[in-house]
Amino acid sequence: MSKPSVLFVCVHNAGRSQMAAGWLRHLAGDRIEVRSAGSAPGRTINPAAVEAMAEVGIDITGQTPKKLEWETAESSDVIITMGCGDACPIFPGKRYEDWKLEDPAGQGVESVRPIRDEIRTRIEKLLTELIPAT
């Protein structure tokens, strides 16, 4: 049985989707394939997102914003969007969730912390659904 794959998509792939991917990698280990992308990727990851994640012991500095590719979405089991609008492709049979989260772009770390914490709560719930307790 192959492990499930989750794709996080936001506009710039620099804040919300990178924090979500960081949390899922941290909490799921190698039990889930984690992907992230953006409909209009930025050049670098949001420094406030990097700092907020570092505060909880998760290093996302090695990640880079990536362009949302059709093939990546098509081969993902779960697609979680975070404000990418009409740029997100729809594939029949995929599980979709749209997480309404404030955009951390241009905000300081004090404003990004609550977004980070809300993402963790959602990731923990997602994990219970994808990997039932044994």
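The backbone N or O of Q18 sits nowhere less than 3.5 Å from a side-chain atom of W23 that would complete a donor-acceptor pair. Within the 3.5 Å criterion, the main-chain N or O of V6 finds no donor-acceptor partner in the side chain of R35. At distances below 3.5 Å, at least one donor-acceptor pair connects side-chain atoms of R31 with backbone N or O atoms of A28. Between the side chain of S5 and the backbone N or O of D77, at least one donor-acceptor pair lies under 3.5 Å. The backbone N or O of L101 sits less than 3.5 Å from a side-chain atom of R16, completing a donor-acceptor pair. Using a distance-only test at 3.5 Å, with no hydrogens or angles considered, no donor-acceptor pair links the side chain of T72 to the main chain of L68. Checked by atom type and distance alone, the side chain of S111 never pairs as donor or acceptor with a backbone atom of Q107 at under 3.5 Å. In this structure, K94 contributes its side chain and I79 its backbone to no donor-acceptor pair below 3.5 Å.
In this structure, L130 and I32 have side chains that are in contact, with non-hydrogen atoms separated by less than 4.5 Å. Residues F8 and L24 have side chains in contact (heavy-atom distance under 4.5 Å, counting atoms from C-beta outward). Contact of the I115 side chain with the M19 side chain is registered, since non-hydrogen atoms from C-beta on lie closer than 4.5 Å.
Between K66 atom NZ and S36 atom OG the span is 4.0 Å, to the nearest 0.5 Å. For the atom pair CD1 of I131 and CG of L27, the computed distance is 10.0 Å after rounding to the nearest 0.5 Å. Rounding to the nearest 0.5 Å places CZ of R116 at 10.0 Å from CD1 of I119. Between S75 atom OG and W70 atom CH2 the span is 12.5 Å, to the nearest 0.5 Å. One finds the CG atom of L126 at 12.5 Å from the OG1 atom of T121 (value rounded to the nearest 0.5 Å).
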### Message
Quick one, E69 with K67, criterion salt bridge (Lys or Arg N to Asp or Glu O under 4.0 Å). Give me CA distance, side-chain angles, the key distance, then yes/no.
### Response
CA-CA 6 Å; E69 299 291 342; K67 175 99 174 111; over 6 Å; no

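Shown here for S17 and A37, the closest heavy-atom pair between the two residues is OG-O, 4.1 Å. Here the closest non-hydrogen pair linking H12 and P65 is O-CB, 3.6 Å. Nearest heavy-atom pair, N13 versus T64, reported as atom, atom and distance to 0.1 Å: OD1-O, 3.8 Å. Across all their heavy atoms, A20 and M82 have their closest contact at CB-CE, 3.5 Å.
The salt bridge (charged side-chain N to carboxylate O under 4.0 Å, His left out) test applied to E97 returns R95, not counting sequence neighbours.
No path of Ile, Leu, Val, Met, Phe, Trp and Tyr side chains, each step under 4.5 Å between heavy atoms, connects M53 with V109, placing them in separate hydrophobic clusters.
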Which pairs of donor and acceptor atoms, one on a side chain in residues 41-50, lie under 3.5 Å apart (sequence neighbours left out)?
residue	atom	partner	partner atom	Å
N46	OD1	A48	N	2.7
N46	OD1	A49	N	3.4
N46	ND2	P104	O	3.1

